[in-house]
Amino acid sequence: QRGRMQPGDALLAAWVIGILAVAGPAWQREPPLFAGDSPPVMIVLRVSASMQQADLQPTRLRRAQQKIVDLLASEPAQAAGLIAYDGSAHLVLPPTQDHGVVVTMAQALSPDLMPRHGDALGDAVALARRVLAEASLGGSVLVLTDDAAPFAQPPPTGAPVTILPVLPPGREPRAGLQAAASALDARVVPLTVDGSDVAGIGGRLASAGSMTQPPGEAERWRDGGWYLVPLLALVVLFWFRRGWAVLG
């Protein structure tokens, strides 16, 4: 007696389902590789003789290094990189989730290690933006400095910039730093004795600079063919019915 489902029907259904599964149907985008919960931040730290002044105890440089520690502690999921500059800009670390390494390297910086004295803020910001662009994960730039010289030419546009002037609370930044902030279209957050400056910066950096697609790289889609495997297994179960091997 002919039943509702014959071996040929099951075989055809298995073929169709298998072809669809192997074709890799996709309806969900995958996030970029190595993308974290928050866009990364490139920390640009001025390491100069002026940062050794003690109007901020113990020194401006030490206070800036402590602010870096506080910021990373407030944003544990955010990748951070480090650039040091004086008369020249140098990449110390690309963005990493290992905040301990960032803190260790930042605290080890001193003006004696810098090969050239001066003010290369424009080069440092350009380098930070280039590192973020190459990572293609969006992100922003945080500058910790006590002053700035006029730019010979503004750095290329890119990731948004936030400036934390490492100056005693209540002291206005000099005209050079204000001009640099205007040229970089940067937001200036005054340094405070409590953690309100870190809280404001942390919230801004966590949302600034959305993730982007790497140039020349196609969008990555999640393979949904695996969801058809249970259905394929269900069809294959019919072959365990008595007499189907003979009929097939």
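- Taking the side chain to side chain contact (heavy atoms under 4.5 Å, CB included) definition, one finds that T104 meets it with nothing, sequence neighbours left out.
- L132 and G138 make their closest contact through CD2-O, 3.7 Å (heavy atoms, listed as atom of the first residue, atom of the second, distance).
- Residues meeting the salt bridge (Lys or Arg N to Asp or Glu O under 4.0 Å) test with D197, sequence neighbours left out: K67.
- For the atom pair CG (L144) and CG (L45), the distance works out to 6.0 Å, reported to the nearest 0.5 Å.
- Atom CD of Q52 and atom OG of S110 lie 7.0 Å apart (nearest 0.5 Å).
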Side-chain donor-acceptor contacts of residues 85-92 below 3.5 Å, not counting sequence neighbours, with atom names and distances?
| from | atom 1 | to | atom 2 | distance (Å) |
| --- | --- | --- | --- | --- |
| Y85 | OH | T145 | OG1 | 3.0 |
| D86 | OD1 | G118 | N | 3.3 |
| D86 | OD2 | H117 | ND1 | 2.9 |
| S88 | OG | H90 | NE2 | 2.7 |

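- Taking every heavy atom of both residues into account, P76 and A73 meet most closely at CD-O, 3.8 Å.
- Of all heavy-atom pairs between M42 and G81, the closest is SD-CA, 3.6 Å.
- For the residue pair I68 and A106, the shortest heavy atom distance occurs at CD1-CB, 4.3 Å.
- Residues V44 and A124 approach most closely at CG1-CB, 3.6 Å, considering heavy atoms.
- A pairwise comparison of heavy atoms in P111 and L61 identifies CD-CD2, 4.1 Å as the closest pair.
- Partners of A148 by side chain to side chain contact (heavy atoms under 4.5 Å, CB included), not counting sequence neighbours, listed by chain and number: D119, L121, L177, A180.
- With sequence neighbours left out, R62 forms a side-chain hydrogen bond (donor to acceptor under 3.5 Å, both in side chains) with Q65.
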Quick one: do E172 and Q178 satisfy side chain to side chain contact (heavy atoms under 4.5 Å, CB included)? Show the steps, please. CA-CA 9 Å; E172 290 292 328; Q178 294 178 353; 4.2 Å; yes
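- In terms of the side-chain hydrogen bond (donor to acceptor under 3.5 Å, both in side chains) criterion, Q107 has no residue partners (sequence neighbours excluded).
- Residue pairs meeting the salt bridge (Lys or Arg N to Asp or Glu O under 4.0 Å) criterion with at least one partner in residues 181-194, sequence neighbours excluded, are absent.
- Judged as a side chain to side chain contact (heavy atoms under 4.5 Å, CB included), and not counting sequence neighbours, the contacts of S50 are R46, S48, Q53, D146.
- To the nearest 0.5 Å, the span separating CG on L82 from OG1 on T96 amounts to 11.5 Å.
- Residues that satisfy the salt bridge (Lys or Arg N to Asp or Glu O under 4.0 Å) test with D147, not counting sequence neighbours, are R174.
- The distance from atom CD of Q78 to atom OG of S140, rounded to the nearest 0.5 Å, is 6.5 Å.
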Which pairs would a plain distance check flag for residues 150-171, meaning a side-chain donor or acceptor within less than 3.5 Å of a matching protein atom at least two apart in sequence or in another chain?
| from | atom 1 | to | atom 2 | distance (Å) |
| --- | --- | --- | --- | --- |
| T162 | OG1 | R204 | NE | 2.7 |
| R171 | NH1 | D55 | OD2 | 3.2 |

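- Applying the side-chain hydrogen bond (donor to acceptor under 3.5 Å, both in side chains) criterion to D112, with sequence neighbours excluded, gives no partner residue.
- Remark: E134 pairs with R130 by the side chain to side chain contact (heavy atoms under 4.5 Å, CB included) rule, at least two apart or across chains.
- Checked against L93 for a side chain to side chain contact (heavy atoms under 4.5 Å, CB included), the options V102, D98, I83 give a single hit: V102.
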